[in-house]
Student: 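Sharing a structure here in structure tokens format.
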Amino acid sequence: MSPDIPENMSYSYLIVTGEASGDLHAGHLLQALKKREPNTKAWGVGGENLQAAGMDLEEPVKTMTVMGFAGILSKLPHFKDVQNRIVARCRTQPPAAAILVDYSGFNLRLAPYLKKLGIPVFYFISPQVWAWRTGRIRTIKELVDLMIVFFPFEEKLYQEHGVPVKWAGHPLVGAAPPVQSKEAFLSSLGLDPSRRTLALLPGSRRSEVQALLPIMKQAARRISKELEPSPQFLLAQASGLEPSLFKGLEGLPIKAVVGKAQACIAAADLVLTCSGTATMETAALEKPMIVVYKTGALNWMLIRPWVKVEYASMANILAGKQIVPELLQKNLSGESLAQKAVELLKDSQRMAQMQNELAKIKSSLGKPGAYTRAADAILAHLRDGSCQPHTHQ
């Protein structure tokens, strides 16, 4: 049941996210909050999705995105400036609550200042504490009033550590399918709907694209030579990234498509994707995939000792076994990626088995309505007396 909110009351929220995927999910959450309380206001750090939902941007998300230890160090002064501006605004315009969205490196450093100001803290999309740096759970327990998670095993983990938690389900369950059919989408791009199609998803971060796209282009060349008839490739180009990152496609059977990753996945027979959110989008569409990851040697050396999980992709983590191939670090090259792709495309039984396993994962992620349940959990928590929110009439 939805919380009963008096008609003359509305809440203002601080929302902070640092990546495109967080902006997407937070934008939908803000829309769900506004359906419950139309006068809801929000300000903070976000991108085009939160802005479209009506949020006042204190800082655009594109200035916050980094990858790797060196990238973080170079941006520390900027992060401190953004943090100081948020805290100063909270003092003069205290929100009813803060909704911190993933991005734990920044958000868990901001949270103590918010708590000192008496601002309730909701955390939407859990940091991957189960995968690495598990000690962060203690910090979360001290700072977060309610953790809202996408996966059922996360709810169990937080319950075991005494952290207030709500499993909302995964928003990809019940998400609207692509507007166009595969045939219509490929035809609109001047491609052949009957031809075998692979989707390339090198990521939404500049550093990911720089690391992975050259490898994917090399793989595309080799795959084209080894398969008959030669397949076509869709390159899902994240909106907001500079076009110069995607140069050098001339002479390759690759069609770049901006801002339509879901449609590219849906139209593909096989998806070659960076690890991260894209793997769950691919799993939700039950598409066979190969997951790739590559970062600098120094970054990997610093990260690896903290990693507590056997797999890089969420599909394999949820399954508890390897159902989709992973090529990571030194095991990833244009040659190894092409070899694995050709191997899969020639094995229809393995492809069908992968689709069946992905369907099982999808069925474990809850029912449609994750954003609505998350919004209701926030409002219920604010109304039940455990938080004392600032309100405006």
Student: Evaluate the side-chain hydrogen bond (donor to acceptor under 3.5 Å, both in side chains) criterion for residues Ser126 and Tyr158: first the C-alpha distance (whole Å), next the side-chain angles of each, then the deciding distance (0.1 Å), finally the verdict.
Tutor: CA-CA 10 Å; Ser126 170; Tyr158 281 116; 2.7 Å; yes
Student: Taking it one step at a time, do Leu30 and Met55 satisfy side-chain contact (heavy atoms from CB on, under 4.5 Å)?
Tutor: CA-CA 8 Å; Leu30 180 54; Met55 188 171 96; 4.0 Å; yes
Student: Can you tell if the side chain of Ile148 reaches within under 4.5 Å of the side chain of Ile125, non-hydrogen atoms only?
Tutor: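 No - every pair of side-chain heavy atoms lies 4.5 Å or more apart.
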Student: I need the single residue from Val149, Ile140, Ile99, Val144 that forms a side-chain contact (heavy atoms from CB on, under 4.5 Å) with Tyr123. Which is it?
Tutor: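 Answer to the side-chain contact (heavy atoms from CB on, under 4.5 Å) test with Tyr123 among Val149, Ile140, Ile99, Val144: Val144.
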Student: Less than 3.5 Å apart, any donor N or O on the side chain of Ser313 or Tyr293 sitting next to an acceptor on the other?
Tutor: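 The criterion, which ignores hydrogens and geometry beyond distance, is not satisfied for Tyr293 and Ser313.
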Student: Has the side chain of His161 got a donor or acceptor atom that lies under 3.5 Å from a matching backbone atom of Val163?
Tutor: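 Side chain of His161 to backbone of Val163, a donor-acceptor pair under 3.5 Å: no, none is there.
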Student: Is it true that Asp56 and Arg89 have a side-chain N and a carboxylate O under 4.0 angstrom from each other?
Tutor: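 Yes.
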Student: Please determine which of Thr273, Ile265, Leu272 meets the side-chain contact (heavy atoms from CB on, under 4.5 Å) test together with Met289.
Tutor: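 The passing option is Thr273.
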Student: Less than 4.0 angstrom from a charged side-chain N to a carboxylate O is my criterion; do Lys182 and Asp269 meet it?
Tutor: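 Salt bridge between Lys182 and Asp269, a charged N being under 4.0 Å from a carboxylate O: yes.
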Student: Working to the nearest 0.5 Å, report the span between CG of Leu76 and CD of Gln83.
Tutor: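 One gets 11.0 Å once the value is rounded to the nearest 0.5 Å.
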Student: Does the side chain of Leu29 reach to within under 4.5 Å of the side chain of Ile378, using non-hydrogen atoms?
Tutor: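 SC-SC contact between Leu29 and Ile378 confirmed.
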Student: Sequence neighbours excluded, which residues qualify as side chain to side chain donor-acceptor pair (under 3.5 Å) partners of Asp102?
Tutor: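 Asp102 satisfies side chain to side chain donor-acceptor pair (under 3.5 Å) with no residue once adjacent residues are dropped.
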Student: Of all the heavy-atom pairs spanning Ala236 and Ala261, show the shortest one and how long it is.
Tutor: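 Between these two residues, the closest heavy atoms are CB-CA, 4.0 Å.
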Student: Is there a side-chain contact between Leu143 and Leu114 in this structure, where contact means two heavy atoms from C-beta onward sitting under 4.5 Å apart?
Tutor: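 Heavy-atom side-chain distance check fails, nothing below 4.5 Å.
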Student: Between Asp23 (side chain) and Asn49 (backbone), is there a donor-acceptor pair under 3.5 Å?
Tutor: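 It does hold such a pair.
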Student: Answer yes or no: is there a side-chain heavy-atom contact under 4.5 Å between Ile15 and Val45?
Tutor: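 No - every pair of side-chain heavy atoms lies 4.5 Å or more apart.
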Student: Tell me which one of Leu212, Val291, Leu213 satisfies side-chain contact (heavy atoms from CB on, under 4.5 Å) with Cys274.
Tutor: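 Exactly one candidate clears the test, Leu212.
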Student: Taking Asp145 for the side chain and Pro120 for the main chain, is one N or O donor matched with an acceptor at less than 3.5 Å?
Tutor: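 A pair under 3.5 Å: no.
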Student: Is it the case that the side chain of Lys34 and the backbone of Ala53 share a donor-acceptor pair, with hydrogens and angles ignored and the cut-off at 3.5 Å?
Tutor: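 It does hold such a pair.
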Student: Measure the spacing between NZ of Lys217 and CZ of Phe233 and express it to the nearest 0.5 Å.
Tutor: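 If I round to the nearest 0.5 Å, the distance is 13.5 Å.
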Student: Mind running side-chain contact (heavy atoms from CB on, under 4.5 Å) on Phe185 and Val257 for me, showing each step along the way?
Tutor: CA-CA 11 Å; Phe185 179 64; Val257 186; 4.1 Å; yes
Student: Nearest 0.5 Å, what's the CH2-SG distance between Trp43 and Cys90?
Tutor: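 Atom-to-atom, Trp43:CH2 and Cys90:SG are 4.0 Å apart.
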Student: Taking Thr17's backbone N and O only, do any of them form a donor-acceptor pair with Asn107's side chain (distance below 3.5 Å, no angle check)?
Tutor: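 A pair under 3.5 Å: no.
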Student: For the side chain of Arg373 and the backbone of Lys166, is there at least one donor-acceptor N/O pair under 3.5 Å apart?
Tutor: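 No.
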Student: Applying side chain to side chain donor-acceptor pair (under 3.5 Å), name anything that partners Ser194, two or more places apart in sequence or on another chain.
Tutor: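 Per chain and number, Ser194 pairs via side chain to side chain donor-acceptor pair (under 3.5 Å) with Asp192.
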Student: Below 4.5 Å, heavy atoms only, C-beta onward: do Leu110 and Val16 meet side chain to side chain?
Tutor: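 Side-chain contact under 4.5 Å: yes.
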Student: Does this structure show an ion pair linking Glu357 with Lys321, if we count only N-O contacts that are shorter than 4.0 Å?
Tutor: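 Salt bridge flag = yes for Lys321 with Glu357.
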Student: Considering only heavy atoms from C-beta outward, does the side chain of Val271 approach that of Leu198 to under 4.5 Å?
Tutor: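 They are not in side-chain contact.
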Student: Does the pair Val324 and Leu358 meet the rule for a side-chain contact (heavy atoms from CB on, under 4.5 Å), with working shown?
Tutor: CA-CA 9 Å; Val324 303; Leu358 292 171; 4.3 Å; yes
Student: Gly47 and Val61: which non-hydrogen atoms are nearest, and at how many Å?
Tutor: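 In this case the closest contact between Gly47 and Val61 is CA-CG1, 3.7 Å.
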Student: Return yes when atom CD of Gln349 has more than 12 non-hydrogen atoms of other residues, nucleotides or ligands closer than 6.0 Å, and no otherwise.
Tutor: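 Count not over threshold, so no.
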Student: May I have the step-by-step check of side-chain contact (heavy atoms from CB on, under 4.5 Å) for Gln232 and Lys255, ending in yes or no?
Tutor: CA-CA 8 Å; Gln232 58 196 2; Lys255 183 73 173 182; over 6 Å; no
Student: Give a yes or no on this: more than 12 heavy atoms of other residues, nucleotides or ligands lie within 6.0 Å of atom CD of Gln180.
Tutor: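 Above 12, so yes.
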Student: Nearest 0.5 Å, please: how far is CG in Leu270 from CG in Leu345?
Tutor: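 Between atom CG of Leu345 and atom CG of Leu270 there are 5.0 Å.
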Student: Keeping the roles fixed (side chain from Lys294, backbone from Gln329), state whether a donor-acceptor pair exists under 3.5 Å.
Tutor: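 Yes.
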Student: Between Tyr103 and Phe79, what is the ring plane arrangement, given parallel below 30°, perpendicular above 60°, and tilted in between?
Tutor: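 Answer is perpendicular, since the angle exceeds 60°.
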Student: Once rounded to the nearest 0.5 Å, what's the spacing between atom CD1 of Ile290 and atom OG1 of Thr279?
Tutor: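 Reported value, rounded in 0.5 Å steps: 14.0 Å.
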Student: Give a yes or no on whether the backbone of Leu191 and the side-chain of Arg195 come within a donor-acceptor separation of less than 3.5 Å.
Tutor: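 No, Arg195 side chain to Leu191 backbone: no donor-acceptor pair under 3.5 Å.
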Student: Got a salt bridge between Glu58 and Arg85, using NZ or NE/NH1/NH2 to carboxylate O under 4.0 Å?
Tutor: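 Looking at Arg85 together with Glu58, the answer is yes, because their closest N to O distance falls below 4.0 Å.
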Student: Look only at the side chain of Glu37 and the backbone of Asn39, and say whether a donor-acceptor pair between them is shorter than 3.5 Å.
Tutor: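 Flag set: sc Glu37 to bb Asn39 pair under 3.5 Å.
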Student: Would you say that His170 contacts Met280 through its side chain, given a criterion of any heavy-atom pair below 4.5 Å between the two side chains?
Tutor: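 The answer is yes, as the side chains (C-beta and beyond) meet within the 4.5 Å cut-off.
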Student: Establish whether Leu24 and Leu100 are linked, either directly or via other cluster members, by ILVMFWY side-chain heavy-atom contacts under 4.5 Å.
Tutor: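 Not linked; separate clusters.
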Student: Is Phe246 atom CZ crowded by more than 12 heavy atoms from other residues, nucleotides or ligands, each under 6.0 Å away?
Tutor: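 Enclosed.
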Student: Under the rule for side-chain contact (heavy atoms from CB on, under 4.5 Å), what residues qualify as partners of His78, not counting sequence neighbours?
Tutor: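 In terms of side-chain contact (heavy atoms from CB on, under 4.5 Å), with neighbours along the sequence ignored, His78 is linked to Glu59, Thr63, Met64, Val82.
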Student: Once ring pair (Phe, Tyr, Trp, His ring centres under 6.0 Å) is applied, do any residues pair with Phe124, and if so which ones, sequence neighbours excluded?
Tutor: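 Per chain and number, Phe124 pairs via ring pair (Phe, Tyr, Trp, His ring centres under 6.0 Å) with Phe150.
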Student: Can you tell me how far CD of Glu242 sits from CG of Leu245, rounded to the nearest 0.5 angstrom?
Tutor: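 So the CG of Leu245 and the CD of Glu242 are separated by 4.0 Å.
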Student: Can you tell if the side chain of Val165 reaches within under 4.5 Å of the side chain of Glu154, non-hydrogen atoms only?
Tutor: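 Side-chain contact under 4.5 Å: no.
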Student: List the residues meeting side chain to side chain donor-acceptor pair (under 3.5 Å) with Ser336, not counting sequence neighbours, and say none if there are none.
Tutor: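 Result, side chain to side chain donor-acceptor pair (under 3.5 Å) vs Ser336: Ser333.
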Student: Any salt bridge linking Lys115 with Glu142? Criterion: basic side-chain nitrogen under 4.0 Å from a carboxylate oxygen.
Tutor: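 Between Glu142 and Lys115 there is no salt bridge, as every charged N stays at least 4.0 Å from the carboxylate O atoms.
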Student: Please enumerate all residues that pass side chain to side chain donor-acceptor pair (under 3.5 Å) together with His25, with sequence neighbours excluded.
Tutor: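 With sequence neighbours excluded, His25 shows a side chain to side chain donor-acceptor pair (under 3.5 Å) to Tyr371, given in chain and number order.
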Student: Taking Thr282's backbone N and O only, do any of them form a donor-acceptor pair with Lys287's side chain (distance below 3.5 Å, no angle check)?
Tutor: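 No; zero donor-acceptor contacts below 3.5 Å.
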